[in-house]
Number of protein chains: 2
Amino acid sequence: MKKNTGPKRMDDIARLAGVSKPTVSRALQDSPLVSDETKKRILEIARRHGYVVNRNAQNLRRRRTDTIAVVIDFPHLPDNRLTDPFHFELLGNITNALAVRQQDVLLCSSQSAHSGGFEHLLSNKGVDGIIFLGQSGHHEEFRALARTAVPFVVWGAHRDDATYCVLGSDNPLGGRLVAERFRSLKRKRAMFLGPRGHIEIEQRHRSFAESWGRAFEELEVPDLSFVASRDAMLERLDSGKPAPDAVFAGSDTMAMGALAALRERGIEVPADCSVCGYDDSPSAVHHSPPLTTIRQDTRMAGAILVERLMQAIQGTPAASVLLPTDLIVRAT
Amino acid sequence: MKKNTGPKRMDDIARLAGVSKPTVSRALQDSPLVSDETKKRILEIARRHGYVVNRNAQNLRRRRTDTIAVVIDFPHLPDNRLTDPFHFELLGNITNALAVRQQDVLLCSSQSAHSGGFEHLLSNKGVDGIIFLGQSGHHEEFRALARTAVPFVVWGAHRDDATYCVLGSDNPLGGRLVAERFRSLKRKRAMFLGPRGHIEIEQRHRSFAESWGRAFEELEVPDLSFVASRDAMLERLDSGKPAPDAVFAGSDTMAMGALAALRERGIEVPADCSVCGYDDSPSAVHHSPPLTTIRQDTRMAGAILVERLMQAIQGTPAASVLLPTDLIVRAT
DNA sequence: GTCAATTTTGAAATCGATTGCAAAGACTGG
DNA sequence: CCAGTCTTTGCAATCGATTTCAAAATTGAC
């Protein structure tokens with residue numbers, strides 16, 4: 001005799017209901033192949049015994065898991081960790097959009113995702129598709145991945161040679177908006193603040209440069225953190241050179257770092273110096289003074305990323321999208 | 001003849017290596033049952049063909065998934081969504097601690113987790129254990145869950161009648177520290193700011209009350225958001241009653257909301273009014289002015305939560321832990 | 001009352017791995 | 001040279017569901 005410890009299996013429910021396993025399976029899926037009466041009886045018995053299908057067995061047989069991997073990779077963040085509020089915001093919105101579609105989210109660090117290569121992520125982690133947050137060094141890998149059957153979408157910078165579906169805000173437009181603002185404020189000594197090698201930020205940088213049209217200072221920071229920006233700015237202000245009268249930071253967190261440094265050195269914002277961030281992360285509006293910034297709509301981003309990924313999973317290749325951005329003028 | 005589309009299976013590798021499936025399986029697990037020579041050959045072939053084991057099949061057979069569900073439930077957050085930087089911080093640290101142990105993270109909203117009841121979450125989502133972030137209304141449910149075989153740990157408030165493993169910072173100590181600070185600053189008109197029904201915040205509140213020892217004002221807010229606190233505080237300041245000279249907010253986000261309101265009404269901080277938050281979330285130190293607050297060590301919290309959960313999965317019931325807290329004095 | 005059409009049901013194969021057990025092969029000692 | 005031990009290997013069962021296909025039950029038409 002076999003002791004039936006552990007959770008009930010479908011066989012048990014079948015026996016209790018006096019039917020066979022396939023009938024139970026169909027009933028639980030609300031299949032039209034089962035008569036309403038039988039269905040109701042089976043569902044009631046399943047409910048009473050607290051039966052739920054074993055997700056792993058179901059996944060195996062169905063060859064589908066209704067689970068999406070979200071791979072987070074920000075080499076420009078300190079410790080390579082997820083810390084920037086903007087990214088959290090994005091992650092939250094993606095999670096919500098997936099939940100609406102009954103999809104679960106598997107959170108992967110880039111490291112664990114990358115061992116073995118992205119193309120094996122599906123069977124390796126048992127997911128149906130992938131959302132990459134941050135495209136940084138992986139552009140070529142994504143191009144390669146696009147030639148496989150792996151459904152994926154990327155949050156990152158738009159590029160003409162992206163053969164994969166990438167979503168990102170209109171960074172060139174963002175850069176231009178900031179240049180226009182500084183121009184209309186009659187600023188003379190502009191500065192761009194950001195790390196090297198971050199594709200999206202470089203797009204903002206380049207477009208700002210083009211639109212600004214004349215010389216400006218470039219202050220490089222090692223990563224996207226508040227501290228790195230503050231320290232770099234402090235060092236710069238102490239260098240003896242005339243202070244900038246307009247700072248465009250590649251993200252809100254960096255803008256806040258720069259602001260802290262300016263304040264420490266007694267430079268008045270916005271009187272002596274304008275500061276503009278990027279992202280419109282939640283902290284931008286709560287900051288004092290409230291931050292002037294370029295808005296990225298993470299809610300829309302999350303929704304579209306998910307929508308496109310679902311399309312890709314269905315087999316329809318999805319096109320890239322460029323999200324609109326606005327300048328949000330606040331107190332800096 | 002059968003076309004071999006899709007990813008390779010273990011059988012294919014076995015055939016290519018001229019061995020049987022079990023041998024391949026053992027080789028991939030680095031089992032001592034396989035000779036070194038054979039092992040090396042198999043691994044090489046597997047690598048060359050980009051083979052990775054199918055996670056779902058493996059999960060099913062092993063009855064183990066190396067995946068942990070993190071269930072997020074904060075009814076006190078606006079939209080019931082994950083928005084507070086403190087919780088993000090905690091989530092990030094948990095994810096890291098799990099990654100070290102080669103565990104994956106399945107992110108669940110409380111809603112999707114709760115349909116069907118927590119006790120079926122394991123088979124329903126195919127995970128080995130659960131970390132609950134936020135204990136809010138579920139204390140009794142957790143007590144029930146503790147009587148089942150489901151391994152789980154909770155981030156929340158310590159309680160004497162918690163028969164499950166709950167981790168949380170020492171909220172009573174935190175409340176006391178704030179009271180002591182206000183006392184040493186000779187403050188007279190203290191105020192506590194926070195929502196009702198949030199167990200952890202109520203612990204802070206109660207202990208503050210006991211230690212403070214005299215009357216103080218209580219300002220209730222509908223949720224944990226910046227905006228709710230700011231608006232509540234604005235309304236209070238405009239009521240005509242004398243303004244408080246010390247504010248203890250239940251979280252940093254709320255403290256920042258209160259600060260914004262005080263500033264808007266021209267009340268000088270810290271000259272006219274002291275403000276103390278709770279959490280020491282990353283934004284607290286970046287805020288201007290930098291926020292005085294009670295620190296919760298999310299890194300340690302993440303590490304211990306994970307360690308205890310792993311213990312529970314191994315079958316050792318884990319005891320609750322109370323994490324130490326400090327007062328971090330900054331500019332408010 | 002018979003036969004075809006339709007609705008329900010169940011037997012058996014399958015998803016892709018892991019593992020218990022038995023057997024084959026290699027070694028050792030007497 | 002053979003029995004006994006130890007190392008490697010493979011057969012077959014198993015994990016817990018879904019799905020194909022054929023059989024059984026029901027219905028309807030004439």
Side-chain angles (χ1 to χ4, degrees), chain A residues 2-43 46 49-67 120 122-128, chain B residues 2-43 46 49-67 120 122-128:
Chain A
K2 204 155 109 196
K3 202 64 183 263
N4 191 3
T5 59
K8 297 235 176 321
R9 294 150 316 182
M10 196 173 269
D11 277 322
D12 302 325
I13 302 302
R15 200 167 313 117
L16 287 165
V19 296
S20 71
K21 194 165 48 153
T23 302
V24 175
S25 175
R26 294 190 184 105
L28 292 175
Q29 298 176 69
D30 198 21
S31 155
L33 290 180
V34 179
S35 73
D36 287 341
E37 186 198 4
T38 319
K39 211 182 282 185
K40 192 181 301 176
R41 185 161 45 91
I42 293 177
L43 288 178
H49 290 79
Y51 171 79
V52 291
V53 304
N54 178 308
R55 183 71 170 267
N56 288 127
Q58 190 178 56
N59 286 347
L60 174 59
R61 177 60 226 227
R62 275 197 175 149
R63 305 156 136 274
R64 205 188 69 202
T65 61
D66 290 338
T67 303
H120 306 125
L122 294 202
S123 56
N124 196 21
K125 296 286 184 188
V127 297
D128 295 342
Chain B
K2 202 155 111 199
K3 203 57 182 262
N4 190 3
T5 58
K8 297 232 175 322
R9 293 151 316 183
M10 196 173 269
D11 277 322
D12 303 324
I13 302 302
R15 199 168 311 116
L16 287 166
V19 295
S20 73
K21 194 165 50 152
T23 302
V24 175
S25 174
R26 295 188 183 109
L28 292 174
Q29 298 177 69
D30 198 22
S31 155
L33 291 180
V34 179
S35 74
D36 287 342
E37 187 197 2
T38 320
K39 212 182 280 184
K40 193 180 301 176
R41 184 162 44 92
I42 293 177
L43 288 178
H49 289 79
Y51 171 79
V52 290
V53 304
N54 179 308
R55 182 72 170 266
N56 288 129
Q58 192 178 54
N59 285 348
L60 175 58
R61 177 60 227 229
R62 275 197 173 148
R63 306 155 136 273
R64 205 190 68 203
T65 60
D66 291 337
T67 302
H120 306 125
L122 294 201
S123 57
N124 197 20
K125 297 288 185 186
V127 296
D128 295 341

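Excluded from the calculations below are hydrogen atoms, water molecules and symmetry mates; all remaining heavy atoms, backbone and side chain alike, are included. Convention: sequence-line order gives letters A, B, ...; per-chain numbering from 1. Treat the numbers as computed from the prediction; the structure is a model and nothing was measured.
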Query raised in the report: What string of B, S and - do you get for nucleotides 19-26 of chain D 5' to 3' if you count protein non-hydrogen atoms under 4.0 Å?
Result: BBB-----
Report task. Side-chain contact test, heavy atoms from C-beta onward, threshold under 4.5 Å: evaluate it for B/Asn56 versus A/Arg62 and give yes or no. Result -> no
Requested in this report: Could you state the atom-to-atom distance from CZ of B/Arg15 to C1' of D/dG10 in whole Å?
Outcome: 15 Å
Requested in this report: In whole angstrom, give the distance that lies between atom NZ of B/Lys8 and atom P of C/dC15.
Outcome: 16 Å
Report task. Compare side-chain N and O positions of A/Tyr51 against OP1 and OP2 of D/dG16 and report whether any pair is under 4.0 Å apart. Result -> no
Query raised in the report: Taking OP1 and OP2 of D/dG16, is either one under 4.0 Å from a side-chain nitrogen or oxygen of A/Gln58?
Result: no
Report summary line: Atom CZ of B/Arg9 and atom C1' of C/dC15 are separated, to the nearest Å, by 10 Å
Query raised in the report: Quick one: on DNA chain D, does B/Leu60 or B/Thr38 contact a more 5' nucleotide (nearest heavy atom)?
Result: B/Thr38
Query raised in the report: What is the distance from CD1 of B/Ile13 to P of C/dG16, rounded to the nearest Å?
Result: 13 Å
Query - Given C/dA17, D/dG16, C/dG10, the nucleotide with the shortest approach to the side chain of B/Val53 - result: C/dA17
Report summary line: Rounded to whole Å, the CG-P distance (A/Asn56 to C/dT18) equals 13 Å
Query raised in the report: Tell me: CE of A/Met10 to P of C/dA12, nearest whole Å?
Result: 19 Å
Requested in this report: Please give the angle, rounded to 10 degrees, between the axes at the start and the end of the helix from C/dG1-D/dC30 to C/dG30-D/dC1, where five pairs define each axis.
Outcome: 40°
Query raised in the report: Looking at the side chain of B/Ser20, which of D/dG10, C/dG16, D/dA17 is the nearest nucleotide?
Result: D/dG10
Report summary line: dist B/Lys21:NZ -> B/Arg15:CZ (nearest 0.5 Å) comes out at 10.5 Å
Requested in this report: Using the side chain to side chain contact (heavy atoms under 4.5 Å, CB included) rule, pick out the option among A/Leu43, A/Thr23, A/Val52 that qualifies with A/Leu28.
Outcome: A/Leu43
Query raised in the report: Taking NZ from B/Lys40 and C1' from D/dT8, how many angstroms apart are they, rounded to a whole number?
Result: 17 Å
Query raised in the report: Can you name the nearest heavy-atom pair linking A/Ile42 to A/Ala17, along with the distance?
Result: CG1-CB, 4.1 Å
Requested in this report: Kindly indicate whether the side chain of A/Arg26, heavy atoms from C-beta on, has any atom under 4.5 Å from the side chain of A/Val19.
Outcome: no
**Report entry** Whole angstrom value for the distance that separates C1' of D/dC15 from CZ of A/Arg55
**Finding:** 17 Å
Report task. Check whether any side-chain nitrogen or oxygen of A/Arg63 sits under 4.0 Å from OP1 or OP2 of C/dG16, and answer yes or no. Result -> yes
Report task. Only counting residues at least two apart or in another chain, list the ones meeting side chain to side chain donor-acceptor pair (under 3.5 Å) with B/Asn124. Result -> none
Query raised in the report: Can you tell me how far the CG atom of B/Asn54 sits from the NE2 atom of A/His120, to the nearest 0.5 Å?
Result: 13.0 Å
Query raised in the report: Would you say B/Asp12 and B/His49 make side-chain contact, with heavy atoms under 4.5 Å?
Result: no
Query - Any donor-acceptor N/O pair, B/Asp128 side chain to B/Thr65 backbone, under 3.5 Å - result: yes
